[in-house]
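In what follows, a structure is listed as structure tokens, so that the remarks can point back to it.
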Amino acid sequence: MTAVQLPPVLEVPRIVQDAEWYPARKLDAVPRRLGGAQPKYPESAQRHGVTGILKVRMQVNTLGEVESVEIVSAQPEGVFDAAVLAFFKTARYQPPQRDGRPVRAIIDERVSFVLNDAF
């Protein structure tokens, strides 16, 4: 019986994802949101002249995708929340980096709803 020589099995390096979610202060730089879009101003709030400001906290993965989003604070409460949550669920960011490698990060962003006077 003749022995058959099999080709060597190549070892593929495994990329182990860091399990930690890093706060922005521990990143090389705070990732910027891609694109210039803003959350849609709710028509009822705009019609009634309501302005507001919200603080949003997101978990952004190594690809720059938002995995979760929550409203940390809102003034006034409940008026702009749905528009902001819908917007950030589909937002994309520069991939967060720490020590030059992609990591998962927690990013806070402030959103202002201000009426523009159009004359």
### Query
T62 versus P96: any side-chain heavy-atom pair under 4.5 Å?
no
Check your understanding: Is it true that V79 and V72 fall in one hydrophobic cluster, defined by side-chain heavy atoms closer than 4.5 Å?
Key -> no
Query - Check: F80 and I71 side chains under 4.5 Å, non-hydrogen atoms - result: no
Side chain of Q59, backbone of I106: donor and acceptor closer than 3.5 Å? no
* Asked: Under 4.5 Å between any side-chain heavy atoms of L115 and Q46, yes or no?
  -> yes
Notebook entry, point to check: Do V111 and F88 come close enough that some side-chain heavy atom pair is under 4.5 Å?
Noted result: yes
Partner of E109 under salt bridge (Lys or Arg N to Asp or Glu O under 4.0 Å), picked from K55, R57, R33, is R33
Exercise for review: Show your working on side chain to side chain contact (heavy atoms under 4.5 Å, CB included) between D108 and V56 and close with a plain yes or no.
Suggested key: CA-CA 6 Å; D108 290 343; V56 180; over 6 Å; no
Donor + acceptor pair across side chains of Q97, Y22 (<3.5 Å) | no
Output for pair (D28 CG, D99 CG), nearest 0.5 Å, gives 6.0 Å
Taking every heavy atom of E77 against every heavy atom of D81, the minimum-distance pair comes out as C-OD1, 4.4 Å
Residues P42 and A83: closest non-hydrogen pair is CG-CB, 4.2 Å
Side-chain contact test, heavy atoms from C-beta onward, threshold under 4.5 Å: evaluate it for V66 versus Y93 and give yes or no. yes
ask   = Would you say R98's side chain and R104's backbone share a donor-acceptor pair under 3.5 angstrom?
value = no
Consider only side-chain heavy atoms of I, L, V, M, F, W and Y, link residues closer than 4.5 Å, and tell whether M58 and I53 are in one cluster. no
* Asked: What orientation do Y41 and F113 show, parallel under 30°, tilted 30 to 60°, or perpendicular over 60°?
  -> perpendicular
d(W21 CH2, E67 CD) to nearest 0.5 Å is 4.0 Å
Paired with Q94, the side-chain contact (heavy atoms from CB on, under 4.5 Å) test is passed by just one of L34, V60, V30, namely L34
